[in-house]
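Everything below concerns the one structure shown next.
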2 protein chains.
Amino acid sequence: MSYAPLACVSPVAQRRPNACCNASCRHASACEATRGGDERLLDMRSVVERVGPFSEGDRLVQPGAPHRAAFTVLTGFAKTVGDGRVLAFHLPGELFALDIARSHTHDVSVVAVGKTWFCRFPKDATDDLGDTNTDIAQHLRHLRRRERQVSSRSGDGSALQRVAGLLADLLRRRRAIEGPGQFVPLPMSREDIGSYLGMSTATVTRMLARLRDSEAIAIRADGVDVLNEGALLA
Amino acid sequence: MSYAPLACVSPVAQRRPNACCNASCRHASACEATRGGDERLLDMRSVVERVGPFSEGDRLVQPGAPHRAAFTVLTGFAKTVGDGRVLAFHLPGELFALDIARSHTHDVSVVAVGKTWFCRFPKDATDDLGDTNTDIAQHLRHLRRRERQVSSRSGDGSALQRVAGLLADLLRRRRAIEGPGQFVPLPMSREDIGSYLGMSTATVTRMLARLRDSEAIAIRADGVDVLNEGALLA
DNA sequence: CGACTCTTTGATCCTGATCAACACCGGTGG
DNA sequence: CCACCGGTGTTGATCAGGATCAAAGAGTCG
């Protein structure tokens, strides 16, 4: 299926230097930028800027734009779009857009899903930190490697398996940030999920319905509750 | 589909140092090891060993074995198998198994398709050549990069498109070695082709039949003649 | 020649796309 | 407050591509 081009405007984004990145941030305990407040990485907090608010469909980065920063989602939700498909989803607390060590320009869009604030880590500043702080340099290398691996995702398996796999993946990732819980937020549209998984919106709905009928999940307006984790992986 | 594990024995391979790698080799004009006899690369000939004969199903390299050489097919045909699937086919004259710069061990099998002889380029010797001959070093880097790109193949498109694409690819590659011609050898089984393309043997046969019916190809016992190249690409 | 394997071909089934109808929900305007 | 409206999600009906199963050629090797 083809993914419709995004009709969106450039965001009117404020930037507030280091307004909020401290222990009182709701993600402080697990934010990937500081690996949950690891003291060796706390210098990352000195370079962060809060940017937003972004509305549904606003682009945080655009293809061709120079690569000048990495980001985390502070509040809200985001997706990476490229080649006419959704390539990734980003949960609050997750660091992304490290890509492009090669080309120095973005080749994808990062788009807000609903009202969203981001934390921006300027590349110049983080590189400087990495020069004097080997822990930060290593942490960034690790995240960059992970981002590259994630981008080569599978695409095989049945539609049901792919939907269940996405839910399991989002649940695991959300727990890594938010702690134990059963809820998986799905603020993105069914079309986004279908684009990401390579199937139609109707099939996404149907597979979710089948998981509900098998009592693996309960469907809510804003996401799903995972009732039987084992059933998702099988 | 799953690809059956290979039941094969280790080959009883002879090694003859530099017995045949010279201008009289039938692939000398295009062999990728010397880029068709490029004089700057002729030192490659001094390190080659001829190995064989290998019979149908014999393995040239096995997963886990140390990576000690690259190879070309001298006569016959070969396939690379890994993860239970056929990952690549190798025509006479093509250099392969440069992989594994990372792990220093093979993670795939290379299997002979029919009676096959290989030319073996020991890694130690080619590395030594690369130290003193920048042309050879660059050539090896180029081939290694290409091998890495090829390994990330598409997998999308309809069954007909994938079959036609394979034929077009093999035709292009054969012409690069053997010169102009319409013939594409298919010594591998339909199961191998299906495994490579991700479809059943029945579908491979049916797609070939459709290309025959549309007069794009003529099917022979040992391969196909391409009658309408444009039809393959469309 | 006979046994065996591979290929071809036909028949049927299953998955997921596509199309269409409808429900639902948040706005917007009366 | 309610009628209207467009977008999104759900559900049903139909369709197409390929998988699977089965049976019939076609080599191939003993």
Side-chain angles (χ1 to χ4, degrees), chain A residues 1-8 55-57 77 79 84-86 113-115 155-167 184-214 217-224, chain B residues 1-4 6-8 55-57 77 79 84-86 113-115 155-167 185-214 217-224:
Chain A
M1 69 167 290
S2 68
Y3 188 75
L6 296 159
C8 80
S55 303
E56 171 70 36
F77 203 88
K79 61 186 176 187
R85 302 201 312 265
V86 172
V113 176
K115 181 181 171 184
D156 58 344
S158 70
L160 183 63
Q161 287 171 325
R162 296 211 295 283
V163 170
L166 173 61
L167 295 181
V184 175
L186 296 176
M188 70 293 252
S189 68
R190 295 290 187 263
E191 184 173 357
D192 284 337
I193 298 175
S195 171
Y196 176 73
L197 296 176
M199 66 187 70
S200 66
T201 67
T203 299
V204 172
T205 292
R206 265 186 257 271
M207 296 304 112
L208 287 173
R210 276 173 59 179
L211 290 172
R212 163 173 44 75
D213 294 347
S214 65
I217 65 172
I219 298 177
R220 296 171 30 177
D222 49 354
V224 302
Chain B
M1 70 168 289
S2 67
Y3 189 74
L6 295 159
C8 78
S55 302
E56 171 70 35
F77 202 88
K79 62 186 176 186
R85 302 200 312 264
V86 172
V113 176
K115 181 180 171 183
D156 58 344
S158 70
L160 184 63
Q161 288 171 324
R162 296 211 296 282
V163 170
L166 172 62
L167 296 181
L186 297 175
M188 71 294 254
S189 69
R190 294 290 187 264
E191 183 173 356
D192 283 338
I193 297 175
S195 171
Y196 176 72
L197 296 175
M199 66 187 69
S200 67
T201 67
T203 299
V204 172
T205 291
R206 266 186 257 271
M207 296 305 113
L208 287 173
R210 276 172 59 178
L211 290 172
R212 164 172 44 75
D213 295 345
S214 65
I217 64 172
I219 298 178
R220 296 170 28 175
D222 49 354
V224 302

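Numbers restart at 1 for each chain; the letters A, B, ... are given by sequence-line order, proteins then strands. This one's a predicted model, so the numbers in the text were calculated from it and none came from an experiment.
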Nucleotide N/O of nucleotides 24-30 of chain D paired with protein N/O under 3.5 Å:
none

Considering all heavy atoms of both residues, which atom of B:Pro187 and which atom of B:Phe77 are nearest to each other, and what is their separation?
CG-CG, 3.3 Å

At under 4.0 Å between heavy atoms, which parts of nucleotides 4-17 of chain C does protein reach? Answer with one letter per nucleotide, 5' to 3': B base, S sugar-phosphate only, - none.
---SSBBB----SS

List for me each residue that meets salt bridge (charged side-chain N to carboxylate O under 4.0 Å, His left out) alongside A:Asp213, sequence neighbours excluded, and say none if there are none.
none

Kindly say whether A:Val86 contributes a backbone atom to a donor-acceptor pair with the side chain of A:Ser195 at under 3.5 angstrom?
yes

Restricting to side chain to side chain donor-acceptor pair (under 3.5 Å), what partner residues turn up for A:Thr205, sequence neighbours left out?
none

For B:Arg220, all residues meeting salt bridge (charged side-chain N to carboxylate O under 4.0 Å, His left out), sequence neighbours excluded:
B:Asp222, B:Asp225

Send over the distance from A:Arg220 CZ to D:dG9 C1', rounded to a whole Å.
17 Å

Can you find a pair of side-chain heavy atoms, one from B:Leu186 and one from B:Leu167, that are under 4.5 Å apart?
yes

Just by distance, do the side chain of B:Arg162 and the backbone of B:Gly198 share a donor-acceptor pair under 3.5 Å?
yes

Look at the side chain of B:Arg212 and the backbone N and O of B:Ile219, then say whether any donor-acceptor pair between them is shorter than 3.5 Å.
no

